[in-house]
> 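Before I ask anything, here is the structure I am working with.
Here is how names work: the chains are called A, B, and so on, in the same order as the sequence lines, proteins then strands, and each is numbered from 1.
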Number of protein chains: 2
Amino acid sequence: MDRFLSNAVNRIDAKGRVSVPAHFRAVVQKRGFQELYALRALDVPAIDMGGLDLLDRYEARLANEDPFLQTADDMSFFCHGDGAFVKVDAEGRITVPDFIRDHTGITTDVAFVGRGQFFQLWEPQQFATHREQVRTRLLKLRQDMTARARGPVAEDMA
Amino acid sequence: MDRFLSNAVNRIDAKGRVSVPAHFRAVVQKRGFQELYALRALDVPAIDMGGLDLLDRYEARLANEDPFLQTADDMSFFCHGDGAFVKVDAEGRITVPDFIRDHTGITTDVAFVGRGQFFQLWEPQQFATHREQVRTRLLKLRQDMTARARGPVAEDMA
DNA sequence: TGGGACATCTTGGGCGTCAATGGGATTTAC
DNA sequence: GTAAATCCCATTGACGCCCAAGATGTCCCA
């Protein structure tokens with residue numbers, strides 16, 4: 001498998017370490033990454049984590065911005081300056097640093113959430129809340145699209 | 001046969017395993033799936049299950065979205081992060097994880113429902129209820145469409 | 001047409017392997 | 001010198017894998 005998929009919750013031990021799910025480790029290894037790169041997600045209390053190709057996503061977007069505008073500067077600052085490297089030990093564990101705890105609210109358990117090209121770290125309860133919010137938004141999107149597909153007549157009838 | 005058709009109810013054993021109907025297994029094998037992928041259906045208490053091509057449909061849709069808008073994030077979160085791999089053992093059984101039980105209400109028995117490109121897992125009683133609701137909705141839709149096809153006059157007459 | 005043999009599917013249970021976790025020992029940085 | 005990080009090893013619990021038997025349906029033959 002070459003994508004980060006599914007999710008899992010693991011416990012942080014007394015030393016502040018937590019196992020990266022074996023499935024995710026396989027993806028990391030297959031892609032040949034020695035270290036992981038971590039970014040604080042912008043609008044949610046989660047950490048985006050992955051190989052350095054995590055940056056590709058942002059740099060592609062950066063390339064489209066006018067370098068004289070503040071937006072480009074901010075984006076660069078965000079993805080280049082505000083990230084952190086995270087080392088994986090021989091057993092496939094990472095140590096959870098303070099900035100991750102602060103941004104996510106993680107204390108004793110970590111939810112690992114696959115996102116295809118990368119994965120996220122969530123506080124389990126926050127994750128549960130967020131996933132329901134996402135489902136609600138997608139359901140509404142689906143209903144809106146369904147209504148439009150039926151045409152204005154059906155929409156009026158509703 | 002290359003599509004998932006018909007339905008069947010099987011029992012979960014003491015270890016939380018349930019046989020995938022032989023007919024569905026034949027389709028899985030014919031399509032060359034090593035593992036199954038499970039997603040919680042958006043608006044019904046059912047699990048969508050199929051090969052990884054289940055994801056292809058969503059990812060193709062995802063590619064049309066602006067990757068920096070919330071909708072793209074939601075879609076990725078839903079199909080990458082909220083799914084789960086399910087392994088099929090040598091006898092063609094799967095173990096039913098908790099998130100499937102929580103979302104569907106499944107406890108002792110599982111209804112497998114063919115959906116062509118994929119199949120669904122239902123709690124048998126919920127399935128029975130839903131199949132009648134679907135029939136009712138389709139009947140109403142058919143009547144509505146018939147009325148519209150007859151023109152506004154016929155609609156007013158109704 | 002009814003019965004019996006057979007094949008296949010479903011179900012049950014034991015065992016080994018691997019991943020997650022806990023803890024001690026050694027090294028490194030400050 | 002102290003604290004943190006890293007390495008190494010042990011435990012355990014879940015999961016995958018194997019073998020076995022009951023149930024169900026099918027086909028053939030009398």
> Where along nucleotides 8-14 of chain C does protein come under 4.0 Å, by heavy atom, of base (B) or sugar-phosphate alone (S), with - for untouched nucleotides?
-SSBBBB
> What are the residues of residues 102-121 of chain B, sorted by number, that bring a heavy atom to within less than 4.0 Å of DNA chain C?
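Close to the strand, none.
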> Please enumerate all residues that pass salt bridge (Lys or Arg N to Asp or Glu O under 4.0 Å) together with R131(B), with sequence neighbours excluded.
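With sequence neighbours excluded, R131(B) shows a salt bridge (Lys or Arg N to Asp or Glu O under 4.0 Å) to no residue whatsoever.
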> Partners of R101(A) by side-chain hydrogen bond (donor to acceptor under 3.5 Å, both in side chains), sequence neighbours excluded?
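Residues passing side-chain hydrogen bond (donor to acceptor under 3.5 Å, both in side chains) with R101(A): none at all.
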> Going by salt bridge (Lys or Arg N to Asp or Glu O under 4.0 Å), name the residues that satisfy it together with D109(A), two or more places apart in sequence or in a different chain.
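So D109(A) forms no salt bridge (Lys or Arg N to Asp or Glu O under 4.0 Å) with any residue.
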> Output one line per pair: protein atom, nucleotide atom from nucleotides 27-30 of chain C, and distance, for all N/O pairs under 3.5 Å.
none

> If you round to the nearest 0.5 Å, how far is CG of D13(B) from OG1 of T108(B)?
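Answer rounded to 0.5 Å: 12.0 Å.
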> Let me check something: any side-chain donor-acceptor pairs from residues 65-73 of chain B under 3.5 Å, sequence neighbours excluded? List them with distances.
unit_1: E65(B); atom_1: OE2; unit_2: R61(B); atom_2: NH1; d: 2.8
unit_1: E65(B); atom_1: OE2; unit_2: R61(B); atom_2: NH2; d: 3.4
unit_1: D66(B); atom_1: OD1; unit_2: F68(B); atom_2: N; d: 2.9
unit_1: Q70(B); atom_1: OE1; unit_2: R137(A); atom_2: NE; d: 3.4
unit_1: D73(B); atom_1: OD1; unit_2: R115(A); atom_2: NH2; d: 3.1

> Hey, which of R148(A), R142(A), K140(A) is the one that makes side chain to side chain donor-acceptor pair (under 3.5 Å) with D144(A)?
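When R148(A), R142(A), K140(A) are each tested with D144(A), the side chain to side chain donor-acceptor pair (under 3.5 Å) holds only for K140(A).
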> Of all nucleotides in DNA chain D that come within under 4.0 Å of a heavy atom of chain A, which is furthest toward the 5' end and which toward the 3' end?
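In short, chain A contacts DNA chain D from dT6(D) to dC9(D).
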> Would you say the side chains of H80(B) and E59(B) form a donor-acceptor pair under 3.5 Å?
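Looking only at side-chain atoms, E59(B) and H80(B) do form a donor-acceptor pair, the distance falling under 3.5 Å.
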> Mind checking what makes side-chain hydrogen bond (donor to acceptor under 3.5 Å, both in side chains) contact with D89(B), not counting sequence neighbours?
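D89(B) satisfies side-chain hydrogen bond (donor to acceptor under 3.5 Å, both in side chains) with R93(B) once adjacent residues are dropped.
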> Just checking H130(A) against F77(B), ring centres under 6.0 Å apart?
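Ring centres of F77(B) and H130(A) closer than 6.0 Å.
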> Looking at residues at least two apart in the chain, or sitting in another chain, which of them share a ring pair (Phe, Tyr, Trp, His ring centres under 6.0 Å) with F118(B)?
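For F118(B), no residue satisfies ring pair (Phe, Tyr, Trp, His ring centres under 6.0 Å) once neighbours in sequence are set aside.
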> Sequence neighbours left out, what pairs pass ring-ring contact (aromatic ring centres under 6.0 Å, His included) with at least one residue falling in residues 81-113 of chain A?
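Found Y37(A)-F85(A).
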> Does R31(A) have any side-chain hydrogen bond (donor to acceptor under 3.5 Å, both in side chains) partners at least two apart in sequence or in another chain, and if so, which?
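D53(A).
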